[in-house]
Amino acid sequence: MSEREALLDKAARLAKRYLDGVGERPVGATVADGELQRRLGGPLPETGQDGDEVLEALAAAARDGTVATQGPRFFGFVVGSSLPVATAADWLVSGWDQNSGLHILSPLNAAIEEVTGDWIRAIVGLPGSWTAGYVTGGSMANFTALAAARRHTLKAAGWDVEADGLYGAPPIRFLVTEESHYSIATSLRMLGLGMNGAVRIGTDAQGRMRMDELQSVLKKIRGPCVVCAQAGNVNTGAFDALERVAALAREHGAWLHVDGAFGLWAAASPDLAPLLAGIEEADSISTDAHKWLNVPYDCGIVLCAHARAHRGAMTLAAAYLQESPRERDPREYVPEESRRARAVPVYAALRSL
């Protein structure tokens with residue numbers, strides 16, 4: 001047996017041992033602060049350590065230092081465990097070690113992204129023209145969607161933000177609520193837009209956007225505008241009235257982004273799907289696959305109704321890149337460094353379910 005085979009077999013055995021015991025062990029970590037660093041750290045070794053010993057050290061630290069999110073008694077936040085087939089598929093991804101940004105570097109990943117995108121659009125009820133990108137989580141999905149919104153709304157106002165930046169650009173009004181996920185604010189900061197210019201719409205007792213206030217604010221706005229609604233408030237689970245929000249956004253020429261990190265997968269349930277009525281009228285949607293779809297951390301998905309805005313906000317050519325003239329280049333739909341084949345465990349989860 002080669003060293004590679006031995007180490008991979010060892011890692012599989014250690015991972016299975018961990019998962020076999022995760023239901024009985026304490027949910028929280030059981031080591032004192034600093035103990036993990038003491039066990040794993042120390043001066044950088046002058047010579048390399050045997051790979052078998054490295055894996056044993058990591059596995060030993062994991063027994064005491066991880067939180068048992070894969071176990072049946074973990075109920076913290078909105079963190080889900082991963083489906084066995086999704087975990088196994090993610091192991092394959094690590095084994096393949098694909099730089100998935102370009103078709104020429106990974107035709108398999110490009111094909112899986114296309115197929116998985118088709119399946120997600122079918123579940124949610126979106127037109128086939130919608131684009132999809134696979135990123136690190138809901139936060140980066142929001143960032144990508146709002147970057148597309150920035151490009152689209154400013155272009156409609158006669159401004160090329162990718163070429164000319166934001167100096168002198170028409171202001172974009174972002175309509176958010178106090179219940180908007182913090183990643184919306186983070187995205188606006190990273191996009192150079194800030195939160196001071198955002199308009200906060202009031203909410204009801206469940207954290208749903210108030211339609212009367214939204215309508216009143218939209219009537220006063222002139223120029224580029226983006227409305228940020230929610231499908232699944234992370235605190236209460238409540239859904240904004242998306243059908244009504246979409247109608248108001250359309251009436252006033254605003255881009256509608258729906259943060260569906262928590263609730264978009266309700267579309268798969270006949271009982272809950274009505275909560276998403278009107279979602280197909282949005283301009284962009286974000287969601288997580290590592291929540292309800294139960295794929296390994298981390299994985300987010302961005303969906304966009306405007307292919308040119310989506311690709312234009314993300315794509316920049318370089319002389320050393322061999323871009324495909326016909327096939328999908330995944331890097332055109334995500335921030336440049338999101339190159340891990342994140343669609344593979346999503347594909348595995350959807351196909352198995």
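Sequence positions, counted from 1, serve as the residue numbers for this chain.
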### Query
Between His310 and Tyr333, what is the ring plane arrangement, given parallel below 30°, perpendicular above 60°, and tilted in between?
perpendicular
Contacts table for residues 264-280: side-chain donor-acceptor under 3.5 angstrom, sequence neighbours left out:
from	atom 1	to	atom 2	distance (Å)
Trp265	NE1	Asp288	O	2.7
Ser269	OG	Asp271	N	3.3
Ser269	OG	Leu272	N	3.3

### Query
With a cut-off of 6.0 Å (strictly less than), are more than 12 heavy atoms of other residues, nucleotides or ligands near CD of Gln70?
yes
### Message
What I'd like to find out is whether the side chain of Ile184 reaches to under 4.5 Å of the side chain of Tyr182, using heavy atoms alone.
### Response
no
### Task
Give a yes or no answer on whether the side chain of His290 reaches the backbone of Cys299 with a donor-acceptor pair at less than 3.5 Å.
yes
### Message
Tell me whether the count of non-hydrogen atoms from other residues, nucleotides or ligands lying under 6.0 Å of CH2 in Trp91 goes above 12.
### Response
yes
#### Entry: No-hydrogen, no-angle side-chain donor-acceptor test under 3.5 Å, Glu179 and Asn233
yes
### Task
Answer whether the closest heavy-atom distance between the side chains of His252 and Cys225 falls below 4.5 Å.
no
### Query
Where do His306 and Trp130 land on the ring-ring contact (aromatic ring centres under 6.0 Å, His included) test, with the steps shown first?
CA-CA 7 Å; His306 306 275; Trp130 278 58; 8.0 Å; no
### Query
Going by heavy atoms in the side chains, are Val245 and Leu256 under 4.5 Å from each other?
yes
### Task
Assign the ring pair Trp119 / Tyr347 to parallel, tilted or perpendicular, where the plane angle (0 to 90°) is split at 30° and 60°.
parallel
Under 3.5 Å, sequence neighbours excluded: what are the donor-acceptor pairs made by side chains of residues 12-24?
from	atom 1	to	atom 2	distance (Å)
Tyr18	OH	Thr66	OG1	2.8

### Task
List the steps and the verdict of side-chain hydrogen bond (donor to acceptor under 3.5 Å, both in side chains) for Ser82 and Asn294.
CA-CA 4 Å; Ser82 57; Asn294 298 101; over 6 Å; no
#### Entry: NZ/NE/NH1/NH2 to OD/OE distance under 4.0 Å, Lys10 and Asp52
yes
### Query
Is there a side chain to side chain contact (heavy atoms under 4.5 Å, CB included) between Arg331 and Leu321 once you walk through the steps?
CA-CA 11 Å; Arg331 66 179 289 273; Leu321 296 174; 3.5 Å; yes
### Asn109 versus His103, side-chain donor and acceptor atoms under 3.5 Å
no
### Task
Tell me, yes or no, whether the heavy-atom count around Asp212 atom CG, taken from other residues, nucleotides or ligands under 6.0 Å, exceeds 12.
yes
## Note on the structure
In terms of heavy-atom contacts, Asp298 and Arg342 come closest through O-NE, 3.1 Å
### Query
Should the pair Arg340-Asp90 be classified as a salt bridge under the 4.0 Å nitrogen-to-oxygen rule?
yes
### Task
Return yes if some donor-acceptor pair links the side-chain N/O of Ser180 with the main-chain N/O of Val176 below 3.5 Å, else return no.
no
### Query
Cut-off 3.5 Å, side chains only: do Thr69 and Ser81 have a donor facing an acceptor?
no
